[in-house]
Amino acid sequence: MAPLPPALARLAPAAGRLTLGLELPLDNDWSPARVRADREAGRPFGVPDLTGHTRLARLADRLGFAALWLRDVPLYDPVRFGDAGSVFETFTHLGHLAAVTENAVLGTGAVVLPLRDPLLVAKAAATVDVLSGGRMLLGLASGDRPVEYPLFGRDFETRGTAFREGVETLRAAWRTGPLELSRSGLGADRDLKVLPEPVHPAGIPLAVAGGAQQTPEWIAGHADASLNYPRDLGALRLKTREWQELTGGKPYLTPMVLDLREDPGAPPRPIRLGLSTGSKGLRDHLERMAALGVAHVSFNLRPNDRPVDEVLRELAEDVLPRFPTPVGRP
């Protein structure tokens with residue numbers, strides 16, 4: 001297997017070694033107390049408070065978390081989905097994070113590629129990569145919200161084909177030399193380029209989220225990493241084994257919804273898409289995930305009743321030392 005691109009290598013430094021990141025927004029708007037308060041104040045569910053987002057991103061970076069992840073939710077749909085994700089436009093937000101952080105990898109979990117023009121995605125991602133000093137990791141998805149597609153002039157049923165063609169365009173845009181797109185009739189003789197070029201010659205690492213309407217074999221051949229959905233340990237064992245057999249060791253990344261209990265010894269309890277546990281149980285669970293081949297876990301902290309900065313500091317003190325981020329920048 002070829003060496004990993006530097007940003008991805010920071011998240012997956014060695015086999016059996018796991019790193020930890022955070023999924024934005026850094027808010028606790030899913031907690032019972034906050035849901036009650038928002039309801040009483042007439043605030044909609046799923047729209048986080050972002051007034052402290054810059055301070056908390058800086059804190060997370062300073063504490064040593066390996067990555068900050070953003071979701072791509074173009075339209076807030078309170079009826080069908082009820083979650084506005086990270087709220088801000090993804091690449092605009094990434095540019096801001098590039099300016100206010102120094103070390104954390106900046107990832108998308110994930111950009112809905114069929115809704116966007118791939119050449120503009122290539123340019124936006126490369127811009128963030130340069131502004132951040134090579135810290136960009138582009139997670140891509142095919143999307144799962146049918147209502148969005150006609151509003152963007154796209155077809156939901158053919159999103160799988162659009163995804164494959166989009167990935168092909170991204171790779172072509174970052175390749176050394178003039179841009180070639182045979183599907184569009186563009187040859188190297190026209191001497192077009194997408195600028196800026198990514199920091200590293202290999203381009204920007206791509207992680208495919210879920211199945212993206214593709215076969216596992218296609219994902220294994222075209223992605224640098226798998227960005228897969230949370231699973232219990234039994235299902236996770238099967239998924240990581242399949243991925244390792246297909247790829248020979250490409251990184252497997254996964255998010256986790258985390259309710260970190262104030263009592264360090266509180267036993268783990270499954271919650272939707274994650275775990276409610278004390279720090280001791282969390283360390284043990286992460287050790288088991290690492291043994292199954294997971295390279296990186298990103299925490300979604302929105303169900304916590306406790307202040308987010310308090311949870312970040314406890315994770316940094318009690319959990320991060322067991323799963324340290326490599327020293328330095330990508």
Side-chain angles (χ1 to χ4, degrees), residues 5-11 19-29 47-74 83-111 116 120-139 195-200 204-205 207 227 253 255 258 260 296-302 304 306-317 319-320 323-330:
L8 185 55
R10 185 168 175 80
L11 302 191
T19 61
L20 300 176
L22 297 163
E23 181 183 296
L24 276 61
L26 295 174
D27 192 24
N28 58 1
D29 59 311
V47 180
D49 178 1
L50 299 174
T51 54
H53 76 98
T54 298
R55 176 182 63 84
L56 291 168
R58 283 178 170 144
L59 175 61
D61 185 49
R62 191 167 65 249
L63 290 173
F65 287 92
L68 299 174
W69 294 87
L70 298 180
R71 291 173 57 207
D72 184 22
V73 181
D83 176 19
S86 307
V87 178
F88 296 135
E89 194 283 318
T90 303
F91 289 105
T92 309
H93 195 179
L94 285 167
H96 173 75
L97 292 173
V100 302
T101 62
E102 296 182 0
N103 297 306
V105 169
L106 304 177
T108 57
V111 164
R116 296 174 178 260
L120 292 178
V121 171
K123 187 177 185 72
T127 299
V128 174
D129 193 54
V130 171
L131 292 175
S132 66
R135 292 186 282 140
M136 180 72 205
L137 195 162
L138 188 61
L195 297 178
E197 296 180 359
V199 170
H200 301 287
I204 294 167
L227 178 60
L253 323 173
L258 175 64
L260 188 66
H296 178 79
V297 174
S298 56
F299 296 134
N300 177 333
L301 303 179
R302 295 173 77 177
N304 287 268
R306 301 162 61 193
V308 173
D309 52 357
E310 178 182 312
V311 174
L312 291 178
R313 288 188 170 91
E314 182 176 341
L315 288 170
E317 182 176 339
V319 182
L320 265 181
F323 309 97
T325 301
V327 177
R329 300 179 66 172

Peer 1: Apply side chain to side chain contact (heavy atoms under 4.5 Å, CB included) to residues V73 and D83 and explain how you reach the verdict.
Peer 2: CA-CA 8 Å; V73 181; D83 176 19; 5.8 Å; no
Peer 1: Kindly compute the distance separating CG (D29) from CG (N304), expressed to the nearest 0.5 Å.
Peer 2: 11.0 Å
Peer 1: Can you tell me if CD on E310 sees more than 12 non-hydrogen neighbours from other groups inside 6.0 Å?
Peer 2: yes
Peer 1: Who are the side chain to side chain donor-acceptor pair (under 3.5 Å) partners of D309, not counting sequence neighbours?
Peer 2: none
Peer 1: Any chance you could lay out the side chain to side chain contact (heavy atoms under 4.5 Å, CB included) test for L24 and H53, step after step, and finish with the verdict?
Peer 2: CA-CA 9 Å; L24 276 61; H53 76 98; 5.9 Å; no
Peer 1: Which residue pairs pass the salt bridge (charged side-chain N to carboxylate O under 4.0 Å, His left out) test with at least one member in residues 19-28, sequence neighbours excluded?
Peer 2: D27-R34
Peer 1: Does L301 reach the side chain of L22, with side-chain heavy atoms less than 4.5 Å apart?
Peer 2: yes
Peer 1: Could you list the residues that satisfy side chain to side chain donor-acceptor pair (under 3.5 Å) with T325, not counting sequence neighbours?
Peer 2: none
Peer 1: List the steps, then state whether side chain to side chain contact (heavy atoms under 4.5 Å, CB included) holds for L131 with M136.
Peer 2: CA-CA 9 Å; L131 292 175; M136 180 72 205; over 6 Å; no
Peer 1: Is there side-chain contact between L50 and P25, with heavy atoms separated by less than 4.5 Å?
Peer 2: yes
Peer 1: Quick check: closest heavy atoms across R306 and L260, and the distance to 0.1 Å?
Peer 2: NH1-O, 3.0 Å
Peer 1: Considering all heavy atoms of both residues, which atom of V128 and which atom of G95 are nearest to each other, and what is their separation?
Peer 2: CG2-N, 4.1 Å
Peer 1: Do L97 and L70 touch side chain to side chain, with heavy atoms closer than 4.5 Å?
Peer 2: yes
Peer 1: Not counting sequence neighbours, list each pair that qualifies as a salt bridge (charged side-chain N to carboxylate O under 4.0 Å, His left out) and has a residue in residues 88-100.
Peer 2: E89-R116
Peer 1: Considering all heavy atoms of both residues, which atom of A98 and which atom of R135 are nearest to each other, and what is their separation?
Peer 2: O-NH2, 3.3 Å
Peer 1: Can you name the residues that form a side chain to side chain contact (heavy atoms under 4.5 Å, CB included) with A124, not counting sequence neighbours?
Peer 2: F91
Peer 1: With L106, which of L138, L137, L94, D129 fulfils side-chain contact (heavy atoms from CB on, under 4.5 Å)?
Peer 2: L94
Peer 1: Working to the nearest 0.5 Å, report the span between NE2 of H93 and CG of D72.
Peer 2: 13.0 Å
Peer 1: Working note: L315 + L20, criterion side chain to side chain contact (heavy atoms under 4.5 Å, CB included); need CA distance, chi angles, decisive distance, verdict.
Peer 2: CA-CA 10 Å; L315 288 170; L20 300 176; over 6 Å; no
Peer 1: Using every non-hydrogen atom in the two residues, find where A104 and L68 come nearest and quote the distance to one decimal.
Peer 2: CB-CG, 4.2 Å
Peer 1: Should W69 and L227 count as side-chain neighbours, where that means a heavy-atom distance under 4.5 Å?
Peer 2: yes
Peer 1: Rounded to the nearest 0.5 Å, what separation is found between the CG atom of L253 and the OG1 atom of T19?
Peer 2: 8.0 Å
Peer 1: Got a second to check how far L26's CG is from S86's OG, nearest 0.5 Å?
Peer 2: 9.0 Å
Peer 1: What I'd like to find out is whether the side chain of P198 reaches to under 4.5 Å of the side chain of I204, using heavy atoms alone.
Peer 2: yes
Peer 1: Answer yes or no: is there a side-chain heavy-atom contact under 4.5 Å between T127 and P196?
Peer 2: yes
Peer 1: Quick one: side-chain hydrogen bond (donor to acceptor under 3.5 Å, both in side chains) pairs with a partner in residues 54-65, sequence neighbours left out?
Peer 2: T54-H96
